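One structure is given below, encoded as structure tokens.
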Amino acid sequence: MVLGWIVEPLLAWYDRNARVLPWREEPTPYRVWISEIMLQQTRVEAVKPYFERFVSQLPDITALAEADDDKLMKLWEGLGYYSRARNLKKAAQLAAEEFGGRLPAAYDELLKLPGIGPYTAGAISSIAFGIPAPAVDGNVLRVITRVTADYSNVSDSKVKREMEEKVRDILPPARAGDMNQALMELGATVCLPNGLPKCEICPLKEICEAERQGNPLDFPQKNTKKARKIEEKTVLLLICGKKTAIRKRQEKGLLAGLYEFPNLDGYLSDEQIRRQVEKWGMQMVSIKETGKAKHIFSHVEWHMKGFQVDVEQESARFLWTTKEERQDRFPIPSAFQFYTKILEKEQGKAPY
Ligand code: SF4
């Protein structure tokens, strides 16, 4: 089939079915950029409240460029993949210095900003500036390979570039942003992954090659993912009087610069924990297990076992915080949510 055949039915379908989303209401370059970065690893429904809060507190590039790091992380807390937020701020600083506090209206210039790859540059260019640049993400790759029954391996960057060129060739100059969004929308709501395409309601079912062959699930072809590494951890809720210990993570690597409950590699026994607490300069008063939790990152899984440990005195190596301070000032990532909730529950009984 000729790929250009999809343009008319897809745009007509998009005009009738596009979801009402906060960033679509007012597609300024700043709002499109923030929404696209948030949507990279997170579902639309989860992003909506974060987006509203973010743009109301940091309404433009200047505010973002000058945002306090802890405030920025707090606004991002729960979305995960925090390097996205750090790159947003770096890019805003660059845009403030080099482009007068605006995003450049040029695909190649956008690509130079931290955190903006070909997909995001294409989305901002086409949706906010009307430039006919392709925005090809996983959703779009799935639709294109299915519609054309293309067995190329989309994990190959050369194949991805070829797909981008195919999309570029069919973008109608007057509606490039809508066409990109229509492709994404079809992939997100109809041509679904994991065995669930809704071909019966698809506007492309008459021309889709995979539907004709009866094998949409064969597409897209990609490399199988490597198994995630499992890391076991012991998480300690160290409590002294009304306060709980937290510490800042290193500035590089996973969850860089965020706060966490002290934790140690491996599953430790009560006795090993007592010795470690003493090494940190504290005396343990009591210990009780609080339960196991799991958190999945892209390449690693944390399997955590938690303990509430009451100690006699504070150690200067940690920050000793109340519940309010942790909620308002110290961004603790959702990887520790299980233990944050335990502390909140305990709050009813004692003011940690
Ligand atoms: S007909 Fe089915 S496989 Fe083809 S694009 Fe539509 S949902 Fe996807």
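Only heavy atoms go into these numbers, but all of them, side chains included; no hydrogens, no water, no symmetry mates. This one's a predicted model, so the numbers in the text were calculated from it and none came from an experiment. Both ligands and their constituent atoms are indexed starting at 1 by order of listing.
- Per-residue contacts place C199 under 4.0 angstrom from the following atoms of ligand 1 (heavy atoms of the residue considered): 1 (S), 2 (Fe), 3 (S), 7 (S).
- Of the protein's heavy atoms, C208 SG, 2.4 Å lies nearest to atom 4 (Fe) of ligand 1.
- To the nearest 0.5 Å, atom CD of residue E232 and atom CG of residue D265 are 10.0 Å apart.
- Ranking protein heavy atoms by distance to atom 6 (Fe) of ligand 1, first place goes to C202 SG, 2.3 Å.
- For residue C191, an N/O/S atom approaches atom 8 (Fe) of ligand 1 to within less than 2.8 Å.
- Within the 4.5 Å cutoff, the side chain of C191 has no heavy atoms near those of the C202 side chain.
- Relative to the ring axis of F318, K243 does not place its NZ or CZ within 45° and under 6.0 Å from the centre.
- Residue contact check for ligand 1: V143 places no non-hydrogen atom closer than 4.0 Å to it.
- Close contacts of ligand 1 with V147, meaning ligand atoms under 4.0 Å from a residue heavy atom, involve 5 (S).
- Ligand-side atoms of ligand 1 in range of P216: 3 (S), range being under 4.0 angstrom from any heavy atom.
- Per-residue contacts place K205 under 4.0 angstrom from the following atoms of ligand 1 (heavy atoms of the residue considered): 1 (S).
- Under the 4.5 Å side-chain criterion, counting only non-hydrogen atoms from C-beta, W76 is not in contact with P331.
- Every atom of ligand 1 is numbered from 1 in the order shown, and the set under 4.0 Å from a heavy atom of E211 is 1 (S).
- Put simply, the side chain of V285 does not reach to within 4.5 Å of the side chain of V311, judged on heavy atoms.
- No side-chain donor-acceptor contact under 3.5 Å links Y14 and D178.
- M38 is listed as a side-chain neighbour of V47, based on a closest heavy-atom distance under 4.5 Å.
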